[in-house]
Amino acid sequence: MSGAYIKKNGLLYSPDSRTVVGVDDTSSEFTGRIPYGAHFIDDEVFTDSPYESISLPDSLEKLGNNLFGESKKLQKVKLPSTIKELSPYLFSGCSALEKVNMPTTLSEFPEGLFYGCSSLQEIPFRAGITKLPENVFARCTSLKSLVVPGTVKEIDSQAVAFCTSLESLVIPNSIEEIAEDAFEGCTALHNIRIDGESNLFFVNKDDGCLYKHSGSSDTLVVKAYGVQKQAVSFFKDSVDDEPIEASEDEEEDDDDFFSAEIGASDAELEIVDMEKEVKNMSDENNLDSMLADIMGEEKARTSVNVDVGVSEQESAVLSETMEVMADSTVNSNTGAVTTDELEKLFSKNESEEMSTQKSEEEVKDPNALDGKTKILTDTVELSKVLTFEPTGETPEDSDLFVIAEKTVTGPDGNPAFSKKLLACCETFAKIHDFRRVILLAGLPLDNEEFMQFYFHYINKRNVILACEAASPSALSDYGRAICEQSRISLDKAELAEQRKRATMKTHTLIKLVIRDKYDV
């Protein structure tokens, strides 16, 4: 076999050095990073490999079949950003796999792509995926929630089967076909929701299951387990003892579902000992007072629609609103980076991206921003970091991210966050013992690479959207996009529960929408 391959970089290459045909077992030089230059990697090169992370260069044009199959130690993989097609069962049996950097040009997932990836907790979707093929996420037993992208129209047989930790599922209203066994064996699934209105599918309010309209009878498509029908509790107005019944017109047009405005002035914050009030809370009225201090007055509803639709007329108004917002908030001196700079920002140091070790700066200063948070603050139009000294035990995630839909004009004439929003952030920090609140405004929604990064990074972080809208139906396109990317549910019962949790220290992530009138 002499002369049939070339040894370099701890790898075996074809004579023209364009194809990686294997790993050189006689060398310890290869550490998991393939140098730039190769155009193809042969079949099964890293099957059952001992490496924990593998980084592939952008020079690659094609990947071989079953490239990483049954690599039980593999935790992280960076795929070439320019690859347009992946082979079936590429990561099959990679039971330790936790993170994959997917190509930006990928248009579809192949069959069995992540089959048996039992440590994978989130799916690295790419824009444009239209189908979830057979076994694509089957037996991903660490997957707890799945938000199917709005471009997906079909979910095939066994696509998400036997994901035994899957609890929540959100499917888009674009779905046209779901195989009846697509979610077979997902025995922890109890929260199913359709994002928007669908003419083909619906969630039964009694059993929580997903059904398909089938003429005279409906077909069970996705089963929900352990669902109990419960009456939804809503907050009472802090003045009235009885809940206010909303008319249909009010619900559609005037539903003040989000807080009327962000309250809690600086003076109020000095007077109110939030932690003491939480501990001494004994009834619902006390809770209402807490909520009023944080987010202003809130009028409860006893009859609401779970899914919020937007009419064509509302859409037109929202579009006009977005144009006005764009004119008023974009500032050429904000320091936001360009698309080209973003690409450099995300790809400038692949080896650093694959590492989980903290930098020396982070070790010396616990308040120093980690690399990923720094990407957020450097990319948006405006950012501000508030630091606090917790008086109690800090939560596992001691950061709160606050996305402001708009900004105000500060004393210096430059964009700034409203005083009420800053006061609200301080209140949340005191209640939950957060170390930092990171405020962001002007996320580049049109930059696909950034938004993919944001979607996966913010998934398991505390995040609040501060917006102008009074209700979900009045949310702007920007607000809806931030909610979708931040995993903030617009289900009214879920938002009500989140508002309740926000007023007391819990071990649950905050995923909330609040209202800021941006008047100061």
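This chain uses plain numbering: 1 for the first residue, then up along the sequence. Side chains are part of it too, since the values below use all heavy atoms of this structure and drop only hydrogens, waters and symmetry mates.
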Ignoring hydrogens and geometry, is there a side-chain-to-backbone donor-acceptor pair from His190 to Ala188 under 3.5 Å? yes
Side-chain contact, heavy-atom cut-off 4.5 Å: Asn173 with Asp195? no
Answer yes or no: is there a donor N or O on one side and an acceptor on the other, between the side chain of Ser198 and the main chain of Leu200, under 3.5 Å? yes
Measure the acute angle between the ring planes of Phe91 and Phe68, then classify it against the limits of 30° and 60° as parallel, tilted or perpendicular. parallel
Within-4.5 Å side-chain heavy-atom neighbours: Gln485 and Met451: yes
Between CZ on residue Arg461 and CZ on residue Arg487, distance to nearest 0.5 Å: 14.0 Å
Return the minimal non-hydrogen interatomic distance between Ser59 and Gly37, and the atom names on each side. OG-N, 2.9 Å
Once you measure the plane-to-plane angle for Phe450 and Phe453, does it fall in the parallel (<30°), tilted (30-60°) or perpendicular (>60°) bin? tilted
Quick check: Phe30 with Tyr51 (ring centres under 6.0 Å apart)? yes
Check: Thr47 side chain, Asn66 main-chain N or O, donor-acceptor pair, under 3.5 Å: yes
Do the charged groups of Glu180 and Lys212 touch, with an N to O distance under 4.0 Å? no
Residues Arg436 and Asp370: closest non-hydrogen pair is NH2-OD2, 4.2 Å
Interatomic distance, OG1@Thr508 vs CG@Asn462, rounded to 0.5 Å, equals 9.5 Å
Side chain to side chain contact (heavy atoms under 4.5 Å, CB included) for Ile178 and Phe201? Distances and angles first, verdict last. CA-CA 10 Å; Ile178 302 177; Phe201 298 92; 4.0 Å; yes
Nearest-0.5 Å distance, CG of residue Leu509 to CG of residue Leu512: 12.5 Å
Main-chain N/O of Ser49 paired to Ser71 side chain as donor or acceptor, under 3.5 Å: yes
Output yes when a side-chain donor or acceptor of Asn101 lies under 3.5 Å from a complementary backbone atom of Leu79, and no otherwise. no
Residue from Pro124, Cys117, Cys94 passing side chain to side chain contact (heavy atoms under 4.5 Å, CB included) with Val100: Pro124
Which donor-acceptor pairs under 3.5 Å do side chains of residues 156-170 form with protein atoms, sequence neighbours excluded?
unit_1	atom_1	unit_2	atom_2	d
Ser157	OG	Asp181	OD1	3.1
Ser157	OG	Asp181	OD2	2.8
Gln158	NE2	Asp181	OD2	3.3
Gln158	NE2	Glu184	OE1	2.6
Ser165	OG	Thr141	O	2.6

Check against side chain to side chain contact (heavy atoms under 4.5 Å, CB included), Ile194 and Val203: CA-CA 7 Å; Ile194 300 176; Val203 177; 4.1 Å; yes
Spacing of OH belonging to Tyr457 relative to CD1 belonging to Ile375, to within rounding of 0.5 Å: 9.0 Å
From CA spacing to verdict: salt bridge (charged side-chain N to carboxylate O under 4.0 Å, His left out), Lys72, Glu70: CA-CA 6 Å; Lys72 305 296 185 184; Glu70 302 300 325; 2.8 Å; yes
For Lys76 and Glu52, run salt bridge (charged side-chain N to carboxylate O under 4.0 Å, His left out): C-alpha distance rounded to whole Å, both residues' side-chain angles, the deciding distance at 0.1 Å, then the answer. CA-CA 7 Å; Lys76 299 180 182 179; Glu52 294 184 358; over 6 Å; no
With Ser489, the side-chain hydrogen bond (donor to acceptor under 3.5 Å, both in side chains) member among Lys511, Gln498, Glu494: Glu494
For Ser486 and Tyr454, which I'm curious about, is there any donor-acceptor pair between the side chains at under 3.5 Å? yes
Look only at the side chain of Ser174 and the backbone of Val152, and say whether a donor-acceptor pair between them is shorter than 3.5 Å. yes
Carefully, step by step, assess Leu400 and Ile438 under the rule side chain to side chain contact (heavy atoms under 4.5 Å, CB included). CA-CA 6 Å; Leu400 171 65; Ile438 299 99; over 6 Å; no
Nearest atoms (heavy-atom pairs only) where Pro390 meets Arg435: CG-CG, 3.8 Å
Taking side chain as C-beta onward, heavy atoms only, is Leu490 less than 4.5 Å from Leu495? yes
Just do the side chain to side chain contact (heavy atoms under 4.5 Å, CB included) check on Glu468 and Arg515 with the steps written out, would you? CA-CA 6 Å; Glu468 284 190 305; Arg515 190 183 184 198; 5.6 Å; no
Check the pair Thr394, Asp433 against side-chain hydrogen bond (donor to acceptor under 3.5 Å, both in side chains), reporting the backbone distance first and the verdict last. CA-CA 5 Å; Thr394 57; Asp433 286 306; over 6 Å; no
Is there side-chain contact between Val463 and Val402, with heavy atoms separated by less than 4.5 Å? no
Parallel, tilted or perpendicular, judged at 30° and 60°: which one describes the rings of Phe114 and Phe109? perpendicular
Does atom NZ of Lys62 have more than 12 heavy-atom neighbours from other groups under 6.0 Å away? no
Taking the side chain as C-beta and beyond, is there a heavy-atom pair between Arg18 and Tyr13 under 4.5 Å? no
We want to know whether Ser476 and Glu405 form a side-chain donor-acceptor pair, criterion being a heavy-atom distance below 3.5 angstrom. yes
Aromatic rings Tyr211 and Phe202: how do their planes relate, parallel, tilted or perpendicular, breaks at 30° and 60°? parallel
Restricting to non-hydrogen atoms, name the atom on Pro35 and the atom on Leu11 that form the minimum distance, rounded to 0.1 Å. CD-CD1, 4.4 Å
Do Lys78 and Asp58 sit within salt-bridge range, that is, some charged N less than 4.0 Å from a carboxylate O? yes
Under a 4.5 Å cut-off applied to non-hydrogen side-chain atoms, are Ile514 and Leu465 in contact? no
Where do Thr407 and Pro415 come nearest, in terms of heavy atoms and distance? OG1-CB, 3.7 Å
Just by distance, do the side chain of Tyr115 and the backbone of Cys140 share a donor-acceptor pair under 3.5 Å? no
Give, for atom NZ of Lys384 and atom CG of Leu440, the distance between the pair rounded to the nearest 0.5 Å. 12.5 Å
In terms of heavy-atom contacts, Leu67 and Asp42 come closest through CD1-O, 3.4 Å
May I ask you to test the Val385-Thr373 pair for a side-chain heavy-atom distance under 4.5 Å? no
Give a yes or no on whether the backbone of Ala138 and the side-chain of Asn135 come within a donor-acceptor separation of less than 3.5 Å. no
If the condition is ring-ring contact (aromatic ring centres under 6.0 Å, His included), which residues does Phe183 pass it with, not counting sequence neighbours? none
When rounded to the nearest 0.5 angstrom, what distance separates CG in Asn9 from OG in Ser17? 9.5 Å
Can you name the ring-ring contact (aromatic ring centres under 6.0 Å, His included) partners of Phe434, sequence neighbours left out? His432
Polar side-chain atom of Ser55 near backbone of Arg33 as donor-acceptor pair, under 3.5 Å: no
Quick one: does Thr377's side chain have a donor or acceptor within less than 3.5 Å of a partner on Lys374's backbone? yes
